[in-house]
Amino acid sequence: FRVGRNSVRVLSTSLSPYRMASEIVNCSVVISSSLHVLIFADAFGVPTSWLRSDREQMFKYYDYFLATIRPFALPVEDVKSALALRIPML
């Protein structure tokens, strides 16, 4: 998901890395269930919110968050919940 100025866009994870990067750098916040997208957004300093996925193992997210010395993060259940959060800048 891409949250821009008063808008929400859904991005496909099948975008090329270049296209995904160009979309992410123009976001004010990224809400995603894809760990790769969260890492990409972090690399560009874009705040993120982790969206829970029933298809993914949670340990890989915890491993990433601990390795990057971030505050402990819990996933949000839906986009509406993520939008209600005050997501801090990195």
What pairs with Phe44 under ring pair (Phe, Tyr, Trp, His ring centres under 6.0 Å), at least two apart in sequence or on another chain?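 For Phe44, the residues satisfying ring pair (Phe, Tyr, Trp, His ring centres under 6.0 Å) (neighbours in sequence not counted) are Phe40.
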
Please name the pair of heavy atoms, one in [X] and one in [Y], separated by the smallest distance, quoted to 0.1 Å.
X: Ser81; Y: Val76; answer: CB-CB, 4.3 Å
X: Met20; Y: Leu11; answer: SD-CD1, 4.2 Å
X: Leu51; Y: Val79; answer: CD1-N, 4.0 Å

Can you name the residues that form a side chain to side chain donor-acceptor pair (under 3.5 Å) with Ser16, not counting sequence neighbours?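 Testing Ser16 for side chain to side chain donor-acceptor pair (under 3.5 Å), a comparison that skips the adjacent residues, returns none.
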
With sequence neighbours left out, write down each residue that passes side chain to side chain donor-acceptor pair (under 3.5 Å) with Gln57, or none if nothing qualifies.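 So Gln57 forms no side chain to side chain donor-acceptor pair (under 3.5 Å) with any residue.
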
Can you measure from [atom1] ([X]) to [atom2] ([Y]) and round to the nearest 0.5 angstrom?
X: Thr68; Y: Ile39; atom1: OG1; atom2: CD1; value: 8.5 Å
X: Ser33; Y: Glu56; atom1: OG; atom2: CD; value: 7.0 Å
X: Ser22; Y: Ile24; atom1: OG; atom2: CD1; value: 9.0 Å
X: Leu38; Y: Phe65; atom1: CG; atom2: CZ; value: 5.5 Å

Could you work out, with salt bridge (Lys or Arg N to Asp or Glu O under 4.0 Å) as the rule, every residue matching Lys80, not counting sequence neighbours?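 Partners of Lys80 under the salt bridge (Lys or Arg N to Asp or Glu O under 4.0 Å) test: none.
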
Test side chain to side chain contact (heavy atoms under 4.5 Å, CB included) applied to Ser34 - qualifying residues, sequence neighbours left out: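 Side chain to side chain contact (heavy atoms under 4.5 Å, CB included) list for Ser34, sorted by chain: Thr13, Ser32, His36, Val37.
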
Please confirm whether the ring centroid of Tyr62 lies under 6.0 Å from the ring centroid of Trp50.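 Between Tyr62 and Trp50, the centre distance is under 6.0 Å.
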
Can you run down the salt bridge (charged side-chain N to carboxylate O under 4.0 Å, His left out) pairs that involve residues 11-22, sequence neighbours left out, and say none if there aren't any?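 Non-adjacent pairs meeting salt bridge (charged side-chain N to carboxylate O under 4.0 Å, His left out): Arg19-Glu23.
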
Is there side-chain contact between Ile31 and Thr48, with at least one heavy-atom pair below 4.5 Å?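 In short, these two side chains do not touch, never coming nearer than 4.5 Å.
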
